[in-house]
There are 2 protein chains.
Amino acid sequence: MPTIRDVAEKAGVSVTTVSRVLNNRGYISEHTRKKVYQAMEELDYQPNEVARSLFRKKSNIIGLIVPSIAHPFFGELTSYVEYYAYCRDYKVLICNSMLDAAKEQEYIAMLRRNQVDGIIMASHTLEVEEYKKLDLPVVTFERFISDKIPYVTSDNYQGGKMAVELLLERGCKKIAHMCGSLHLDMLANQRHQAFLDVARERGAVCCTVETDMNAFEVDKYERLLTDLLTEQPDIDGLFLNSDLMALVAITVCRKLGKRIPEDVKLVGYDDVLLASLTSPQITTIRQPLDKMSELAVQLLESLIQGESVKVENCLPVELIERETT
Amino acid sequence: MPTIRDVAEKAGVSVTTVSRVLNNRGYISEHTRKKVYQAMEELDYQPNEVARSLFRKKSNIIGLIVPSIAHPFFGELTSYVEYYAYCRDYKVLICNSMLDAAKEQEYIAMLRRNQVDGIIMASHTLEVEEYKKLDLPVVTFERFISDKIPYVTSDNYQGGKMAVELLLERGCKKIAHMCGSLHLDMLANQRHQAFLDVARERGAVCCTVETDMNAFEVDKYERLLTDLLTEQPDIDGLFLNSDLMALVAITVCRKLGKRIPEDVKLVGYDDVLLASLTSPQITTIRQPLDKMSELAVQLLESLIQGESVKVENCLPVELIERETT
DNA sequence: GGACGTATGTTAACCGGTTGACACAAGGGT
DNA sequence: ACCCTTGTGTCAACCGGTTAACATACGTCC
């Protein structure tokens with residue numbers, strides 16, 4: 001790899017001059033500028049960003065911690081975050097926490113060692129206190145940590161409400177909600193609150209299935225749903241916290257010989273790409289993932305630049321009715 | 001952020017001593033080591049990896065270029081690559097080329113600027129020559145560049161062969177293959193070669209649909225498949241180059257009133273998580289993505305360490321028959 | 001002829017680590 | 001008494017850039 005010295009030599013100028021060209025500061029004649037660019041071209045020179053980062057105390061790298069990029073929701077999220085970050089000249093280091101608290105903490109330490117300018121947290125296995133200690137700019141998805149840490153979310157309560165109301169309107173008598181662990185106070189838990197509130201208000205029978213903390217696995221979903229629907233065969237409405245869960249639910253219903261939407265109705269969540277590609281297509285609550293990701297990147301950049309930002313950033317959800325209701 | 005100087009001061013030793021503790025070199029008494037560790041603990045010190053990278057000329061970061069992480073295949077791939085890389089103490093910078101050649105080239109330049117130790121390329125929009133010029137360790141997925149650049153692939157010809165043979169065995173008379181652009185000489189094109197060979201050998205009528213270079217979009221697949229199946233309604237077997245395409249094909253067939261597998265049989269490719277979650281579940285050719293990713297990381301690490309490695313790394317595929325055949 | 005703007009070079013410090021050379025001291029072994 | 005091992009410190013150079021301070025040189029304008 002050629003260095004700035006090689007460029008200077010080749011162009012017949014000083015290192016300072018090359019640096020001035022590179023950073024557009026001070027006086028540079030058109031002639032010299034051309035010579036320098038040409039030398040860079042010939043050497044295929046690329047400035048060493050590691051050296052620049054060290055000096056500037058800014059790496060232009062952000063960390064993104066997700067449970068697993070293999071999960072369609074987080075895959076799409078990552079894709080958007082990377083896109084919007086790159087537009088603002090930030091690179092993304094990815095971390096798959098696999099919903100493992102120790103791993104998540106290790107990742108955070110790693111990101112600090114690597115001097116990332118900020119972190120977007122979409123995995124939350126740690127207690128609030130752990131995040132509060134962080135001296136870095138942080139933006140979270142779907143979790144309130146403190147009034148210093150902005151979060152991006154969508155209107156979970158409204159989403160849960162619309163989902164359940166739709167199920168009841170379509171005639172469901174006994175409904176169930178499948179969600180992740182309710183132990184950590186995630187904003188997504190508001191979906192469950194809405195589920196409970198609406199069910200009570202309308203006098204519907206309801207029950208809840210919490211998937212375990214450490215399981216993001218389809219097998220687990222399948223087992224839980226199979227158990228649920230065999231133990232309580234009169235359940236005729238399912239509200240699922242992700243489209244992936246809904247996808248599994250479709251499979252399980254088919255295996256149990258339950259027709260959708262005749263015998264059981266489903267509402268998923270997220271509206272990932274897949275939701276419209278399944279058979280039947282999944283009725284779901286759409287989170288504006290594109291906008292949410294853009295906003296997260298925007299907020300993080302503002303924090304990095306020392307600006308203060310709104311802490312709560314809640315975007316509207318939308319009911320997309322398809323074929324499972 | 002505390003520096004090594006702060007640690008030295010707090011522990012009452014010299015910077016050199018702290019560095020020796022950090023890197024386990026030279027003589028250090030147990031007593032001093034403890035003092036230093038305690039100081040690091042108290043300050044919550046993390047060594048600045050940017051400074052270390054600069055000195056060592058090694059960033060312990062690798063770049064991963066994929067078309068889009070939102071695509072389930074590449075999402076899973078990325079997840080595995082990140083996992084195996086992290087096990088070997090490498091961090092991953094992600095790049096979504098979106099199958100855009102200019103973007104891909106920009107990403108490569110960016111990765112060089114950032115001094116990544118190597119690149120895993122799973123997106124290939126550029127001509128072979130462009131990759132040959134790279135002075136970095138590179139491992140590719142599914143593409144032969146030169147005998148200097150190792151590649152990881154699965155047995156594409158065999159995969160194509162098994163897929164088509166299955167379709168014909170199940171009684172298909174007119175089959176079609178949907179694949180990406182055949183323009184660039186990707187190893188995945190061997191699937192198409194196998195498709196043609198087997199079809200000719202068995203005297204089956206066949207045709208091909210190439211998706212456009214720049215389209216990774218489901219809409220595009222849908223349009224192409226709809227056109228195909230309406231213009232040639234006697235097609236009764238589809239071989240699709242990814243499970244995502246197969247998923248779209250299921251939707252299209254349903255819209256056109258064609259039953260699967262009675263009227264049309266499908267074979268997908270990859271065996272991503274989704275393939276077994278759809279209704280009907282997709283018969284597919286399984287690529288051992290986990291092993292392939294691990295191998296890619298292993299190879300890259302070997303290259304980084306200056307070892308020489310086998311150029312061709314081909315893993316076996318497996319036919320997973322499910323419900324679409 | 002002096003002031004000023006433009007253009008470039010020289011030098012040195014700095015970012016936060018790592019490393020080698022060398023000095024020095026304490027303790028043990030012979 | 002001397003050598004060796006162990007433990008620690010000081011100092012300086014280095015990685016590849018950036019930047020401030022200062023010097024110098026050429027035009028040009030008044």
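The sequence lines fix the lettering, A, B, ..., with proteins before strands; numbering per chain opens at 1. As the structure is a prediction and not an experimental result, all values here were calculated from the model.
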Could you check which residues of residues 37-45 of chain A get a heavy atom under 4.0 Å from DNA chain D? Sort them by number, please.
Tyr45(A)
Only counting residues at least two apart or in another chain, list the ones meeting side-chain contact (heavy atoms from CB on, under 4.5 Å) with Ser302(A).
Glu307(A), Val309(A)
Please enumerate all residues that pass salt bridge (charged side-chain N to carboxylate O under 4.0 Å, His left out) together with Glu127(B), with sequence neighbours excluded.
none
Can you name the residues that form a side-chain contact (heavy atoms from CB on, under 4.5 Å) with Glu9(B), not counting sequence neighbours?
none
Output every pair passing ring pair (Phe, Tyr, Trp, His ring centres under 6.0 Å) with a member in residues 43-62 of chain A, not counting sequence neighbours, ordered by first then second residue.
none
Applied to residues 116-126 of chain A, the salt bridge (Lys or Arg N to Asp or Glu O under 4.0 Å) test, sequence neighbours excluded, yields Lys58(A)-Asp117(A)
Please identify each residue that fulfils salt bridge (charged side-chain N to carboxylate O under 4.0 Å, His left out) with Glu301(B), with sequence neighbours left out.
Arg88(B)
Under 3.5 Å between N/O atoms: give me all the protein pairs with nucleotides 19-22 of chain C, atom names plus distance.
residue: dT19(C); atom: OP2; partner: Arg25(B); partner atom: NE; Å: 3.2
residue: dG20(C); atom: OP2; partner: Arg25(B); partner atom: NH1; Å: 3.4

Per the salt bridge (Lys or Arg N to Asp or Glu O under 4.0 Å) rule, what does the pair list look like for residues 71-87 of chain B, sequence neighbours excluded?
none
Listed by chain and number, what are the salt bridge (charged side-chain N to carboxylate O under 4.0 Å, His left out) partners of Asp89(A), not counting sequence neighbours?
none
Take the C1' atoms of the five end pairs on each side of the helix from dG1(C)-dC30(D) to dT30(C)-dA1(D), get both axes, and report the angle to 10 degrees.
50°
Tell me, please, which residues at least two apart from Asn23(B) pass side-chain contact (heavy atoms from CB on, under 4.5 Å).
Ser19(B), Arg25(B), Arg52(B), Arg56(B)
